[in-house]
Amino acid sequence: MSQILEGLNNEQLEAVTLPHSSALILAGAGSGKTRVLTTRIAWLIQSGQVSPLSVLAVTFTNKAAREMLTRISAMLPINTRGMWVGTFHGLCNRLLRAHHREAGLPQTFQILDSADQLSMIKRVMKGLGVNDEKYPPRQAQYFINSNKEEGLRATAVETVDDFSRHFLDVYAAYESQCNREGVVDFAELLLRCSELLQKNEILRSHYQTRFRHILVDEFQDTNRLQYMWLKLLAGADTTVMAVGDDDQSIYAFRGARTGNMLDFESDFGVEKVIKLEQNYRSHGNILDAANALIRNNRTRLGKNLWTSEGKGELLRVYEAATDVEEASYILDEVRALKNEGVSLSDMALLYRSNAQSRVLEHGLFNAGIAYRVYGGLRFFERQEIKHALAYLRLIANPQDDGALLRVINFPTRGIGNRTLEQIQAAAEGSGISLWQAACSSPPTGRAGAAIAAFIRLIESMRNATEGLPLQEQVEHVIEASGLIDHYRKEREGADRVENLEELVNAAASFVSEEGLANYQADTANAVTGDADAADVPELDPLSAFLAHASLEAGDNQAAAGADALQLMTVHSAKGLEFHTVFISGLEEGLFPHENSLNEDGGLEEERRLMYVAMTRARRRLYLSQAQTRMLHGQTRYNVASRFLDEVPQELLKRLNVSVRPVAQGGNSTAPSPAPRIRSRPVTVGGFRIGQQVLHSKFGSGVIVQADGSGKDARVQVNFRNDGLKWLALEYAKLSPA
DNA sequence: CCTCATTGAGTTTTT
DNA sequence: CTCAATGAGG
């Protein structure tokens, strides 16, 4: 038994073998967090303290859940199938399917992804006659989701102003529309599940007794609702182990609450907080720099990473004149490192926002360096796949208005807006679904015939696929719907046809591999003879597959394949590590992002983001910056990121002599690193675009734009602390820096 | 009904 | 710049 515990350090060992009490593990970057979690589970089971079925482990991503299961099965000779290891949403889905009746849902309820949700919100808003200029649907979506994540139904939300009252109306209408259609969004999975546990005492105590150990990964990223859910599942005898790192909390912008860590300590009577501070990933200089940076944050639980390895190399800082030059510098370095034997896939090129990847990709493409960009469209989010899934959804549940609207005229079959409006009016008038309206009161004439043909098509597909194996159902639908034909005819449809064929494969492997079992009846409940769940018939494979498609949108790019440089945002780099990391675009306004500066705690979150980025590197870390950057079709002039100043300068190796814009007024003969701006005044009142200036109140900044002349001359200055400001030269006391 | 042109907006992202 | 969402004309 001691074998699985071998090689753990003291703190890790303590965490893994903790006696029966709830615990908070503060696990720094690279400190072996996943190892602790999985070894803890394996140890609990192997030492005979619990059965695998009494363990619940929850993560945020499917990838993390899979990783956990893989590691557990590597340590223990047990079948992990039926174990409750999964994402918050996946586990809630499982629970709701098993108890759909008590939860007030059809067993085959479908799950809306964010895009589906947004389009339903638009539909609802149109129905209510809400002005979508004044009340942007995106904001309505945010309103709905953040309220749900606080555990608030529309009836429980209190509005203080007229503006949010409109969103509240949308929320209420959206809620009832979801119920009519039998669909739920992501937040609903958690809210519905929590409400179920809250009001159904029998179920609650059943699960509270069953789960003796609950383990939570990335606890710093939990929101209020997820925390409530955990509290409901944990009974008096349940031990909860929460593992997280407040310094790596980078999702506050979507509701994550590090405060849950403090609440957890008191709510669960945590006696001891274990800190895992030994880092097994990076060399000393990298950790020292990251530690120094994060110390600038006020709100921390406090933690300092250390390593027993050497100091290693200094961090390399490069200041480029332009974004293009920055890219070319990076790819030179990539090439050199590759020649030294570092594989491309062990190097990552990180950026704060996706827009930055373009220039970098361009450079890499021209240089012929293989690269892979993360964060694009994922498989189940592709248009052609969404269309195919919509046909399938309609077969499974004709009340699904969203699915109907997506495909009623795709491929085009002569059903236009007018016809659709008629049906929508009929549906709204009698509170029925679009499908029912189309069936019961079809429009007359040519449109009516088209509608009738569509209804016949769907019904014939339903008849033809009934009882077929899942992959044959999918195969039939992509043919019979005309999707394949449509894309074959399209000029650039080859990829789409291929993807549709891939969907058939996805369905096949969903059935043959463990996928389906995860979505069907809870085998564990059947084993323990739980009547509630045992009575529920198995979920049909089609509904299970559709749920899978929503909950696990698939990889964001085709096979990892060849050795390639990894390009991604800092957010998506969390949890990964590389030999070499390039952090690009270290400029004020970009990183930290200008929008974050107005938000409460925004700057600290940006700093944590930088901390995450730095701690991805094992051996070598590059920090680069461009003085000039094309953004949204405009040239922008940026000062170096404050984060570069927050790192001890003795840990940095500056790789080029800083070529700063010259400050001696407009008639300097020194070469300017900035390219000329098209059709805009370059100098105004002795000041130049790109020039660094000092303001008595705002401090230092860079002139980014200018217009007017004489008395009307104005310049826009990007101040290091206060961001962009327009200043009239006549009044502002500006001086060259 | 479909296609092309214009307009406008533009962090970060998993489920 | 580049994508998505509207609107005019075929």
Side-chain angles (χ1 to χ4, degrees), chain A residues 58-65 86-93 111-119 122 132-133 136-138 142 145 148-149 184-191 193 217-218 221-223 225-226 249-256 323 350-359 362 374-378 380-381 383 409-420 446-447 450 547-556 568-575 585 589-599 602 605-606 608-610 612-613 629-636:
Chain A
V58 59
T59 63
F60 275 86
T61 66
N62 293 296
K63 198 174 148 203
T87 63
F88 280 99
H89 297 87
L91 295 176
C92 285
N93 176 58
I111 302 165
L112 303 181
D113 67 16
S114 318
D116 297 334
Q117 182 188 35
L118 185 61
S119 75
K122 286 180 184 164
D132 61 359
E133 298 256 291
R138 289 212 154 272
Y142 177 80
N145 288 338
K148 283 192 181 188
E149 280 161 9
V184 302
D185 58 48
F186 289 133
E188 183 71 22
L189 285 168
L190 270 133
L191 183 53
C193 195
D217 191 18
E218 305 278 15
D221 287 338
T222 51
N223 61 35
L225 180 54
Q226 286 157 340
S249 160
I250 55 175
Y251 288 112
F253 74 92
R254 64 173 198 221
D323 49 353
L350 308 184
Y351 34 82
R352 173 65 179 82
S353 67
N354 283 309
Q356 287 167 251
S357 76
R358 207 160 289 281
V359 194
H362 184 76
Y374 286 78
L377 253 199
R378 294 145 85 225
F380 286 110
E381 289 167 358
Q383 183 205 94
N409 198 34
F410 193 96
T412 51
R413 44 176 75 87
I415 301 171
N417 266 333
R418 286 293 292 273
T419 316
L420 227 44
R446 200 202 305 249
H548 164 78
S550 299
L551 288 177
E552 200 161 341
D555 274 334
N556 20 35
M568 65 190 86
T569 63
V570 180
H571 280 93
S572 29
K574 189 162 92 154
L590 208 65
F591 198 2
H593 198 281
E594 55 202 354
N595 295 0
S596 73
L597 300 178
N598 310 319
E599 283 162 27
E605 177 142 316
E606 294 288 306
R608 290 192 294 270
L609 204 44
M610 180 67 184
V612 167
R629 179 178 296 281
M630 255 320 224
L631 201 66
H632 306 324
Q634 272 199 325
T635 309
R636 292 184 26 154

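The model shown is predicted, which means the values in this text are computed figures rather than measured ones. To find a chain, count down the sequence lines: A is the first, B the second, and so on, and within it residues start at 1.
Here dT13(B) presents its C1' atom at 16 Å from CZ of Phe88(A), a figure rounded to the nearest Å. The nearest whole Å value for the distance from the CD atom in Glu381(A) to the C1' atom in dT13(B) is 10 Å. Atoms CD1 (Ile250(A)) and P (dT13(B)) sit 9 Å apart, rounded to a whole Å. Rounded to a whole Å, the CZ atom of Arg138(A) is 12 Å from the C1' atom of dC3(C). Nucleotide dA4(C) holds its C1' atom 13 Å from the CG atom of Leu377(A), rounded to whole Å. Note: CD (Gln383(A)) to P (dC3(C)) measures 15 Å, nearest angstrom. Atom C1' of nucleotide dT12(B) and atom CE of Met610(A) are separated by 16 Å, given to the nearest angstrom. The distance from atom CD of Glu594(A) to atom P of dT12(B) is 12 Å, rounded to the nearest whole Å.
Here Thr569(A) reaches the OP1 or OP2 of dT13(B): one of its side-chain N or O atoms lies under 4.0 Å away. In terms of phosphate contacts, Lys574(A) brings no side-chain nitrogen or oxygen within less than 4.0 Å of OP1 or OP2 of dT13(B). At the phosphate of dC2(B), OP1 or OP2 sits under 4.0 Å from a side-chain N or O atom of Thr412(A). Proximity of Asn62(A) to the phosphate of dT15(B): a side-chain N or O atom is located under 4.0 Å from OP1 or OP2.
Across all strands shown, Tyr251(A) has heavy atoms under 4.0 Å from sugar-phosphate atoms exclusively, and none from any base. If you check every strand for non-hydrogen atoms under 4.0 Å, Arg352(A) touches a base. Within the nucleic acid shown, Glu606(A) comes within 4.0 Å of at least one base atom, counting heavy atoms only. Base engagement by Phe253(A) is indicated by at least one non-hydrogen atom pair under 4.0 Å involving a base atom. Using a 4.0 Å heavy-atom distance criterion, Asp113(A) is classed as making no nucleic acid contact.
When atom types are taken as modelled, the side chain of Asn62(A) and the backbone of Leu551(A) share a donor-acceptor pair closer than 3.5 angstrom. No side-chain donor-acceptor contact under 3.5 Å links Thr412(A) to the backbone of Asn409(A).
Taken from CG in Asp323(A) to NE2 in His362(A), the straight-line distance is 11.0 Å, to the nearest 0.5 Å. To the nearest 0.5 Å, atoms CG (Leu631(A)) and CD (Gln356(A)) are separated by 7.5 Å.
For Glu599(A), whose side chain is taken as the heavy atoms from C-beta onward, the closest listed nucleotide among dT11(B), dT15(B), dC1(B) is dT11(B). Here the nucleotide nearest the side chain of Asn409(A), chosen from dT15(B), dT11(B), dC2(B), is dC2(B).
Ring centroid separation for the pair His571(A) and Phe253(A) comes in under the 6.0 Å cut-off.
The residue among Asn354(A) and Glu552(A) whose nearest nucleotide of DNA chain B is located toward the 5' end is Asn354(A). Between Arg413(A) and His632(A), the one whose closest nucleotide on DNA chain B sits nearer the 5' end is Arg413(A).
Counting distance only, with no hydrogens placed and no angle test, the side-chain atoms of Ser596(A) and the base atoms of dT11(B) include no donor-acceptor pair under 3.5 Å. Donor-acceptor pairing under 3.5 Å, judged by distance alone, is present between the side chain of Arg254(A) and the base of dT13(B).
Taking 90° from 0 as the syn/anti boundary, the base of dT12(B) is oriented anti.
For the pairing with Arg352(A), the salt bridge (Lys or Arg N to Asp or Glu O under 4.0 Å) check across Glu605(A), Glu594(A), Glu606(A) returns one residue only, Glu606(A).
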